[in-house]
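Every chain is numbered from 1 and lettered A, B, ... according to where its sequence line falls, protein lines coming before strand lines. Note that the structure is a prediction, hence the values are computed from the model and not measured.
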Amino acid sequence: MKADIFADLSWRGLIHQTTADEFLPNWLNSGSRTVYIGFDPTADSLHVGSMLQLLVLRRFQKAGHRPVALAGGATGMIGDPSGKSEERNLLGVDDLRKNIVGIEKQLKQFLDFDCGENSAVLVNNFDWMRKFSYLDFLRDVGKNFPVNVMLAKDSVKSRLGRDDTGISYTEFSYMLLQAYDFVHLNRQYQCELQVGGSDQWGNITAGIDLARRMHSVQLYGLTCPLLLTSDGKKMGKTESGTVWLSPERTSPYAFFQYWRNIADADVGNCLRFLTELSHDEILALDESRAAAPHECQSQIRLAEYLTQLVHGDSGLATARRATDIFFGAVIENLSDRELGEIFADVPGKELPRESLRGEGLSIVDALAESGLAKSKGDGRRTVQQGGAYVNNRRVENIETQLTEKDLASEAVMVLRAGKKRYALLRFRDE
RNA sequence: GGGGGGUUUCCCGAGUGGUCAAAGGGGACGGACUGUAAAUCCGUUGGCAACGCCUUCGCAGGUUCAAAUCCUGCACCCCCCA
């Protein structure tokens with residue numbers, strides 16, 4: 001085998017729990033194994049939390065194992081109660097289908113599907129679950145689940161004995177589906193190891209038990225820690241929402257900035273969990289962070305690495321250029337298209353081009369129109385306090401009139417109030 | 001059923017006839033500092049055709065040259081006694 005995957009995962013802190021601590025290291029190093037992780041289609045894109053799982057799968061592949069990525073078309077219809085304090089709303093079938101398509105696209109991006117022996121496999125559990133009749137499922141699968149064992153699982157226990165919320169039969173049955181997936185993948189692909197977040201332990205062990213009961217085979221499980229910040233919150237959530245992998249939902253710039261702003265206390269874990277940087281480089285970054293925290297070398301390396309990985313070279317380039325501009329570089333000689341990319345997250349307003357002719361448009365009116373100022377008085381104040389910028393040049397004079405020569409590109413002008421609040425004005429011809 | 005207190009600008013909260021666009025604090029915003037952090041400091045914080053004008057102090061009327069402030073009615077909230 002190419003590398004000692006278990007030792008690497010362990011060094012990175014990616015192993016939370018396994019079903020066979022003694023056995024797994026040698027087993028993984030002595031042959032190519034098939035490993036599976038499931039992904040929930042709760043949205044049409046994966047987010048930062050599931051990225052950790054996906055990257056673990058990728059690590060397995062790079063170490064010579066065969067990864068199976070499962071999109072939960074069937075399980076998504078039911079809803080995993082693990083880690084949820086309340087009953088879920090079921091997703092509509094159409095949404096689900098759309099989500100599966102989006103997620104499969106992302107899974108393909110991280111795994112190699114064309115590398116011979118250990119090419120990745122993409123499956124959707126709807127494909128085999130749909131064929132099951134309810135009666136068959138109860139006889140073949142349900143019979144193997146003692147309810148008293150199911151009741152003891154954390155995911156179920158945490159929902160029982162509460163007055164405000166319970167658990168439906170549907171969600172209660174969820175673990176049977178996931179357990180059966182493991183058995184099915186074992187039969188069809190000789191999959192023997194299931195990996196998941198630490199909240200998946202109950203579902204994974206359920207699958208291992210089921211395989212033993214149905215086919216007398218021994219399977220294995222490994223869980224990873226959840227990606228949490230040092231104050232115990234889920235990573236990848238900001239005030240403005242979740243950080244997604246798809247550029248439609250989270251622009252490369254916003255993605256880059258998320259990592260660029262990770263707290264010192266968290267960035268070490270992120271480097272270990274989410275990058276494939278060498279141990280030496282990570283240790284060197286740890287040292288540089290202790291010695292010169294203000295240089296943010298760890299954050300920058302992390303942001304560049306992940307943006308490149310998720311959005312590619314061009315995404316990274318856009319993010320970099322946007323970063324320069326968002327932090328004050330004067331904006332000139334750009335095209336409408338480039339500005340559109342860079343300011344993808346920025347609100348805009350259309351105005352007739354006519355307003356730039358003659359006298360021009362006063363800076364105060366422009367701020368008010370763009371929404372950066374609540375009123376003209378507010379805009380006036382912003383200028384007087386030195387907080388108004390056009391194309392990142394500070395506007396000193398309250399009397400300033402904007403004309404066509406203030407355009408940053410063919411038809412767009414970039415307004416800014418304060419350090420970070422931007423807005424675009426687009427001037428269209430009549 | 002009786003008695004008392006309250007309702008103020010984004011929030012809390014002062015103001016009890018003119019000097020009130022309304023103290024103070026919080027929040028927010030701008031500036032400085034800084035590591036794109038935190039803290040700190042300074043400034044701003046109803047609108048506008050702006051040394052002036054208009055709108056705002058629960059709602060609707062009234063007294064007055066002048067009302068957030070006084071009177072009447074209404075709505076809602078709180079407390080005490082039955």
Protein-nucleotide distance ([X], atom [atom1]; [N], atom [atom2]), rounded to Å:
| X | N | atom1 | atom2 | result |
| --- | --- | --- | --- | --- |
| A/Leu415 | B/G30 | CG | P | 14 Å |
| A/Arg416 | B/G30 | CZ | C1' | 12 Å |
| A/Leu367 | B/U44 | CG | C1' | 15 Å |
| A/Gln385 | B/U44 | CD | P | 8 Å |
| A/Gln299 | B/U34 | CD | P | 19 Å |
| A/Asp264 | B/U34 | CG | C1' | 14 Å |
| A/Tyr389 | B/G30 | OH | C1' | 9 Å |
| A/Asp365 | B/C48 | CG | C1' | 12 Å |

[X] side chain near [N] phosphate (N/O to OP1/OP2, under 4.0 Å):
| X | N | result |
| --- | --- | --- |
| A/Lys420 | B/C29 | no |
| A/Ser375 | B/C48 | yes |
| A/Lys376 | B/A49 | yes |
| A/Arg260 | B/A37 | no |

Between [X] (side chain only) and [Y] (backbone N and O only), is there a donor and an acceptor less than 3.5 Å apart?
| X | Y | answer |
| --- | --- | --- |
| A/Gln106 | A/Leu46 | yes |
| A/Tyr36 | A/Leu70 | no |
| A/Asn118 | A/Arg66 | no |

Given a 3.5 Å cut-off on both pairing distances, which stems involving RNA chain B, each at least three consecutive Watson-Crick or G-U pairs, are present, if any? B:1-7 with B:75-81, B:10-12 with B:24-26, B:27-32 with B:40-45, B:46-48 with B:52-54, B:58-62 with B:70-74
For [N] versus [M], give the span between their [atom1] atoms, rounded off to a whole number of Å.
| N | M | atom1 | value |
| --- | --- | --- | --- |
| B/U69 | B/G61 | P | 14 Å |
| B/G25 | B/U45 | C1' | 14 Å |
| B/G13 | B/G26 | C1' | 10 Å |
| B/A39 | B/C80 | C1' | 48 Å |
| B/A21 | B/G15 | C1' | 14 Å |
| B/C20 | B/U9 | C1' | 12 Å |
| B/A37 | B/A50 | P | 38 Å |
| B/C10 | B/G4 | P | 33 Å |

Kindly give the heavy-atom pair with the smallest separation between A/Cys191 and A/Asn186, and that separation in Å. O-ND2, 2.9 Å
Which sits closer to the 5' end of RNA chain B, A/Lys374 or A/His294, going by the nucleotide each is nearest to? A/His294
Please figure out whether A/Cys296 or A/Gly377 has its closest RNA chain B nucleotide nearer the 5' end. A/Cys296
Any donor-acceptor pair under 3.5 Å linking the side-chain atoms of [Y] with those of [X]?
| X | Y | value |
| --- | --- | --- |
| A/Ser278 | A/Asp280 | no |
| A/Asn397 | A/Thr400 | no |
| A/Gln257 | A/Thr323 | yes |

Inter-residue atom distance A/Leu339.CG - A/Ile325.CD1, 0.5 Å rounding: 6.5 Å
State the CE-OG distance between A/Met175 and A/Ser155, to the nearest 0.5 angstrom. 4.5 Å
Nucleotide nearest [X] when distance is taken to its side chain, options [options]:
| X | options | result |
| --- | --- | --- |
| A/Arg381 | B/U44, B/U34, B/G30 | B/U44 |
| A/Arg380 | B/A50, B/C48, B/A37 | B/A50 |
| A/Gln257 | B/U36, B/U45, B/C33 | B/U36 |

Indicate, with a heavy-atom threshold strictly under 4.0 Å, whether A/Ala417 touches base, sugar-phosphate, or nothing. sugar-phosphate
